[in-house]
Chemist: 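Before anything else, here's the structure in question.
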Amino acid sequence: MQSKHSNDKIFAVPQKVEDVADCYFYHTVELPGYGVITGDWDLRRGMDDYLGKVAFAGQRVLEIGPASGFVTFEMEKRGAEVVSVEVTAEHGWDFVPYPASKLEEVFGPRQIVMQRLKNSYWFSHAVQHSKARVYYGDVYDLPSSLGKFDIAVMASVLLHCRDPLRIIEQCGEKATSLIITDMFYPDLEGAPICRLAPTSQNFLWHTWWHFSTRFLTQFLAVMGFKTSETLTHQQYHRGRAHTLFTVVGRR
Ligand SMILES: C[S@@+](CC[C@H](N)C(=O)[O-])C[C@H]1O[C@@H](n2cnc3c(N)ncnc32)[C@H](O)[C@@H]1O
């Protein structure tokens, strides 16, 4: 895919993944020739709500954290040109800094899971003849060579990142519309709250925050974005319904 807005050299060369057994599917997907492959999250029934009912035809989209790429390929099917930013193998994750002796047990298995997750993206990419591109890099320091975007999507990713506001700020510099989707916590509603999720007991090394919707809409307003009504919707994790929210900001 040619884009007049970006320097194509920064994008990953698509990885060839021949065996579906080498993949870990975060998303449930239906792939031509393979049928339904069950993953952790099934977003198939709720995609329009998940993406804030935004129209994607002809839009250049920056997606932070594609995982298995179900959202990427859905946006592409709706007419978007998608660039996704994914964490590098070296960085691995924004690990919550539990004592090293505890975290060390996680690192090895996590590396394998992350490679298998990336495999699932490239496997689906090839089977669906996707033209989406991936930039493996630092989400806190996005290069200007990525270009400009109509829309940036931060779906189910900010909760996992140490500095979510820095990511929103970076996306806001690159895109005129922002879509943020995250878990909904009714007890946080009504005030701009970002609550620390890990405790010394729960060993939540992969997740940092619970957000109220106001925390995000207020920050978007600070950045000069107007937000429309916040949507809540049900999505399915291993068969169990969870409530998520989506806010859309436009400059
Ligand atoms: C929970 S999945 C969400 C996938 C997809 N966006 C969705 O809404 O279903 C989080 C994704 O964000 C990526 N991610 C997590 N931390 C990241 C970071 N610091 N920089 C870039 N990507 C990150 C993960 O590797 C994964 O692809």
Side-chain angles (χ1 to χ4, degrees), residues 10 12 15 23-29 39-52 54 56 61-76 80 82-97 106 110-125 132 134-143 146 151-171 174 178-184 197-198 204-211 231 233-238 242 244-248:
I10 63 172
Q15 289 164 24
C23 301
Y24 151 58
F25 281 87
Y26 168 88
H27 298 113
T28 294
V29 293
D40 288 336
W41 281 91
D42 190 349
L43 307 176
R44 290 177 297 164
R45 279 175 282 172
M47 230 333 89
D48 287 339
D49 288 341
Y50 194 80
L51 291 171
V54 168
F56 285 94
V61 177
L62 176 67
E63 180 193 29
I64 308 297
S68 300
F70 178 75
V71 178
T72 321
F73 307 129
E74 283 298 309
M75 294 190 292
E76 202 176 22
V82 185
V83 170
S84 304
V85 178
E86 182 57 276
V87 74
T88 63
E90 293 71 35
H91 179 75
W93 197 262
D94 279 7
F95 292 98
V96 174
V106 168
R110 187 64 186 171
Q111 251 180 353
I112 296 167
V113 169
M114 287 303 287
Q115 187 52 57
R116 290 169 58 81
L117 177 71
K118 289 173 183 174
N119 288 352
S120 73
Y121 176 93
W122 290 117
F123 187 85
S124 306
H125 188 274
V134 177
Y135 168 70
Y136 290 117
D138 182 357
V139 77
Y140 301 114
D141 190 18
L142 296 176
L146 284 173
I151 303 171
V153 177
M154 290 153 273
S156 300
V157 65
L158 297 177
L159 75 165
H160 297 301
C161 295
R162 176 193 287 263
D163 191 346
L165 299 186
R166 176 86 187 128
I167 297 174
I168 299 171
E169 183 188 355
Q170 296 246 301
C171 287
K174 297 200 174 299
L178 302 178
I179 302 174
I180 300 177
T181 301
D182 223 294
M183 299 299 291
F184 183 70
L204 214 55
W205 54 266
H206 47 77
T207 301
W208 289 78
W209 311 112
H210 300 165
F211 306 112
L231 287 174
H233 42 93
Q234 304 270 296
Q235 306 293 345
Y236 292 85
H237 180 254
R238 299 179 187 169
H242 292 261
L244 282 77
F245 68 84
T246 299
V247 301
V248 179

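Since this is a predicted model, take the numbers as computed values, not measurements. The first residue in the sequence is number 1, and the count goes up from there. Numbering of ligands and ligand atoms starts at 1, following listing order.
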Chemist: Parallel, tilted or perpendicular: which fits the ring planes of His242 and Trp41, with parallel below 30° and perpendicular above 60°?
Modeler: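 Ring orientation of His242 relative to Trp41: tilted.
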Chemist: Check for a donor-acceptor pair, side chain of Ser120 on one end and backbone N or O of Cys23 on the other, with a separation under 3.5 Å.
Modeler: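 Answer holds: no.
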Chemist: For Tyr121 and Tyr26, I'd like to know if the aromatic rings sit close, meaning centre-to-centre distance below 6.0 Å.
Modeler: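 Distance test on ring centres: not under 6.0 Å, no.
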Chemist: With side chains defined as the heavy atoms from C-beta onward, is the minimum distance between Ile167 and Tyr140 less than 4.5 Å?
Modeler: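 Yes, close enough: below the 4.5 Å cut-off.
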Chemist: Could you report the tightest heavy-atom contact between Ser84 and Glu63, atom names first, then the distance?
Modeler: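 Looks like OG-OE1, 2.7 Å.
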Chemist: Between the protein and ligand 1, which nitrogen or oxygen pairs come in under 3.5 Å, and how far apart is each?
Modeler:
{"residue": "ligand 1", "atom": "6 (N)", "partner": "Gly65", "partner atom": "O", "Å": "2.7"}
{"residue": "ligand 1", "atom": "6 (N)", "partner": "Ala155", "partner atom": "O", "Å": "2.9"}
{"residue": "ligand 1", "atom": "8 (O)", "partner": "Tyr50", "partner atom": "OH", "Å": "2.4"}
{"residue": "ligand 1", "atom": "8 (O)", "partner": "Ala155", "partner atom": "O", "Å": "3.1"}
{"residue": "ligand 1", "atom": "9 (O)", "partner": "His27", "partner atom": "NE2", "Å": "2.6"}
{"residue": "ligand 1", "atom": "9 (O)", "partner": "Tyr50", "partner atom": "OH", "Å": "3.4"}
{"residue": "ligand 1", "atom": "25 (O)", "partner": "Glu86", "partner atom": "OE1", "Å": "2.6"}
{"residue": "ligand 1", "atom": "25 (O)", "partner": "Glu86", "partner atom": "OE2", "Å": "3.4"}
{"residue": "ligand 1", "atom": "27 (O)", "partner": "Ala67", "partner atom": "N", "Å": "2.8"}
{"residue": "ligand 1", "atom": "27 (O)", "partner": "Glu86", "partner atom": "OE2", "Å": "2.6"}

Chemist: Only pairs at least two apart or in different chains count here, so list each salt bridge (Lys or Arg N to Asp or Glu O under 4.0 Å) that has a residue in residues 155-168.
Modeler: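 Non-adjacent pairs meeting salt bridge (Lys or Arg N to Asp or Glu O under 4.0 Å): Arg166-Glu169.
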